[in-house]
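Everything on this sheet refers to the single structure shown next.
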There are 2 protein chains.
Amino acid sequence: MPVTVLLVDDEPLVRAGLRAVLEAQDDIEVVGEAADGAAVIPLVRRLRPDVVAMDVRMPLMDGIEATRAVLRTVEAPPKIVVVTTFENDEYVYEALRAGADGFLLKRARPAEIVHAVRLVAEGESLLFPASVRRLAARYGDGDGSPAARAVLERAALTEREAQVLRLMTRGLSNAEIAARLVVGAETVKTHVSAVLAKLGARDRTQAVITAYESGFVAPG
Amino acid sequence: MPVTVLLVDDEPLVRAGLRAVLEAQDDIEVVGEAADGAAVIPLVRRLRPDVVAMDVRMPLMDGIEATRAVLRTVEAPPKIVVVTTFENDEYVYEALRAGADGFLLKRARPAEIVHAVRLVAEGESLLFPASVRRLAARYGDGDGSPAARAVLERAALTEREAQVLRLMTRGLSNAEIAARLVVGAETVKTHVSAVLAKLGARDRTQAVITAYESGFVAPG
DNA sequence: GGGCGTCTCCCCCGCCCGGGGGAGGCCCGC
DNA sequence: GCGGGCCTCCCCCGGGCGGGGGAGACGCCC
């Protein structure tokens with residue numbers, strides 16, 4: 001069965017463009033459109049789309065509020081991809097914080113847009129999409145960049161967990177991390193488990209990969 | 001005790017520059033100079049430097065041949081850093097293949113040069129220096145780039161092992177890699193062990209980190 | 001023909017890793 | 001005060017991981 005998508009954008013032109021791009025795929029179906037975040041809730045309830053492509057800036061209710069509203073009030077909410085024009089849109093980070101599953105640049109190539117929709121539909125943690133990573137790299141001292149910060153906050157890593165993750169990306173074992181942080185090995189295990197859970201990683205290797213792919217750490 | 005360095009370059013100006021940069025550090029001592037690779041062996045035998053900073057292109061014997069000669073004939077040979085002017089110097093990869101421990105751009109910042117010398121002196125596998133990684137990134141589809149290829153050949157990963165490493169960097173477990181390659185789990189274990197040994201990694205996580213840091217794989 | 005390297009598979013073994021659940025102390029905010 | 005989040009530590013337990021050694025089959029090169 002196809003991936004169903006709801007488009008939410010105040011500009012008809014953008015909606016038409018997204019529709020054209022997405023409908024060109026035979027495994028994606030655009031099931032509805034809305035011109036403002038305020039209209040999203042009932043539409044989501046009625047259409048039950050797999051994915052909502054949500055504009056950030058809209059007149060009545062912006063994408064951030066709408067994202068929060070959907071996630072708060074709808075049962076088994078759809079995946080939400082935030083759509084934005086600017087790469088350095090602080091609003092986007094807000095949206096990610098609000099619980100969106102990824103974001104999309106309007107000027108992205110059609111293939112990228114399609115890819116993003118498919119990925120989030122599969123639940124494939126677009127928590128850390130390549131675009132976020134690229135952003136992080138661009139603005140990035142890797143660690144203090146707004147994107148990386150957003151990623152962190154989205155993953156809701158605590159300070160201690162982030163610290164542990166950083167040491168994991170340096171190849172340290174649990175025992176070595178424990179020695180470095182001067183805590184017990186069991187404590188480290190607790191933190192590592194928390195990191196794995198929050199990043200959706202199965203083991204420390206996957207967590208380290210995610211850290212690299214997200215721009216949480218930069219090579220070199 | 002300080003790190004002792006032998007400079008090998010046909011241009012006096014370059015030698016003077018390197019000497020100035022390195023002697024400015026109180027933990028580094030330049031113990032000798034040579035103008036050609038042909039003079040290296042006896043000098044290394046007599047001075048027993050920790051590190052040889054070796055130019056690639058020299059009139060009589062180039063840095064590649066000299067590197068081979070030193071590693072073949074000298075007991076407990078020094079670490080060798082290959083010095084080059086051009087970033088995309090194919091000769092450099094040859095030198096790495098010949099057994100050099102890292103390389104250095106002549107126009108690198110003094111701090112970088114000092115850093116490189118200290119690192120190789122510590123034996124800190126400069127097998128995968130940041131400069132190689134940057135090179136790989138610059139030229140790089142990550143995989144087919146000359147630098148990545150050189151890194152591969154330097155590490156002497158076989159095709160199969162490289163394939164396994166690539167799947168490791170995607171977060172796959174041994175069982176999953178086995179399924180993907182349609183071989184037994186024991187076979188994968190053998191390959192993984194070989195990769196770990198060749199990369200000097202203790203576990204798969206460290207191997208993946210090395211893969212990222214070396215440019216063997218690029219984030220995104 | 002006889003190495004040598006690669007790929008394949010097998011054994012045993014120890015251990016770190018990760019999951020689950022529990023618990024106490026701390027600070028902060030309601 | 002009381003809850004909640006965070007950090008800390010503890011238990012048990014299974015499984016994947018990594019080390020060691022061995023071995024057969026194939027192709028390549030001398």
Side-chain angles (χ1 to χ4, degrees), chain A residues 71-72 97-99 125 127 149 151-212 216, chain B residues 72 97-99 125 149 151-212 216:
Chain A
L71 295 181
R72 199 175 49 230
R97 251 169 252 148
S125 169
L127 245 174
R149 254 186 290 121
V151 164
L152 255 184
E153 291 178 29
R154 176 74 179 78
L157 289 189
T158 68
E159 187 120 357
R160 203 55 159 169
E161 288 159 357
Q163 208 170 1
V164 168
L165 176 56
R166 232 168 266 127
L167 293 174
M168 287 164 68
T169 65
R170 304 205 44 189
L172 274 62
S173 67
N174 287 345
E176 288 166 344
I177 294 174
R180 189 73 71 90
L181 298 182
V182 199
V183 297
E186 305 81 7
T187 303
V188 174
K189 282 188 59 178
T190 304
H191 291 316
V192 170
S193 291
V195 169
L196 298 187
K198 288 181 178 177
L199 295 188
R202 187 179 51 197
D203 50 49
R204 66 201 299 111
T205 304
Q206 288 190 352
V208 167
I209 293 170
T210 297
Y212 272 102
F216 177 74
Chain B
R72 199 176 48 229
R97 253 170 251 148
S125 168
R149 254 186 291 123
V151 163
L152 254 184
E153 292 177 29
R154 177 77 178 77
L157 289 190
T158 68
E159 187 121 355
R160 204 55 159 169
E161 288 160 357
Q163 208 171 2
V164 168
L165 176 56
R166 230 167 269 127
L167 293 174
M168 287 165 69
T169 64
R170 303 204 45 187
L172 274 62
S173 67
N174 287 344
E176 288 166 344
I177 293 174
R180 188 72 70 91
L181 298 182
V182 198
V183 295
E186 304 81 8
T187 303
V188 174
K189 281 187 59 178
T190 304
H191 290 317
V192 169
S193 291
V195 168
L196 298 188
K198 289 180 178 177
L199 296 187
R202 187 178 49 198
D203 50 49
R204 65 202 300 110
T205 304
Q206 287 189 353
V208 167
I209 292 169
T210 298
Y212 271 103
F216 177 75

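Below, read A as the first sequence line, B as the second, and so on, with proteins coming before strands; counting in each chain starts at 1.
- Phosphate contact (OP1/OP2 of D:dG18, side-chain N/O of B:S193, threshold under 4.0 Å): absent.
- Here the P atom of nucleotide C:dT8 and the CG atom of B:L181 are 8 Å apart, to the nearest Å.
- Between B:N174 and D:dC17 there is a side-chain polar atom (N or O) within less than 4.0 angstrom of OP1 or OP2.
- Checking A:Q163 against A:R166 by side-chain atom types alone, no donor-acceptor pair falls below 3.5 Å.
- The nearest whole Å value for the distance from the CD1 atom in A:I177 to the P atom in C:dC17 is 8 Å.
- No side-chain heavy atom of B:M168 sits under 4.5 Å from any side-chain heavy atom of A:T205.
- B:S173 comes within contact range of the sugar-phosphate backbone alone, with a heavy-atom separation under 4.0 Å but no base atom that close.
- Between B:E186 atom CD and D:dG21 atom C1' there is a gap of 15 Å when expressed in whole angstrom units.
- Across the protein-nucleic acid pair, B:E176 atom CD and D:dG16 atom C1' stand 11 Å apart, rounded to whole Å.
- Looking at B:K189, its side chain comes within 3.5 Å of the base of D:dG19 through a donor and an acceptor atom.
- Taking side-chain N and O atoms only, A:H191 has a distance below 4.0 Å to OP1 or OP2 of D:dT8.
- Atom CD in A:E161 sits about 13 Å away from atom P in D:dG5, given to the nearest Å.
- Within the 3.5 Å criterion, the main-chain N or O of A:V164 finds no donor-acceptor partner in the side chain of A:R180.
- Atom CD of A:Q206 and atom P of C:dC17 are 16 Å apart (whole Å).
- For C:dC7, the OP1/OP2 oxygens have a side-chain nitrogen or oxygen of B:T158 closer than 4.0 Å.
- Candidate nucleotides C:dC7, D:dC17, C:dC9 were compared by shortest atom distance to the side chain of B:R204, and D:dC17 ranks first.
- Distance from the side chain of B:V183 is smallest for C:dT8 among the nucleotides C:dG18, C:dT8, D:dC17.
- Per the geometry, CZ belonging to B:R202 stands 13 Å off C1' belonging to C:dC15, to the nearest Å.
- The distance between atom CG of B:L196 and atom P of D:dG20, rounded to the nearest whole Å, is 11 Å.
- Enclosure of atom CZ in A:R170 is not indicated, since only 12 or fewer non-hydrogen atoms of other residues, nucleotides or ligands lie within 6.0 angstrom.
- A donor-acceptor contact under 3.5 Å links the side chain of A:T190 to the base of D:dC9.
- Nearest to the side-chain atoms of B:T187 among the listed nucleotides C:dT8, C:dT6, D:dG18 stands C:dT8.
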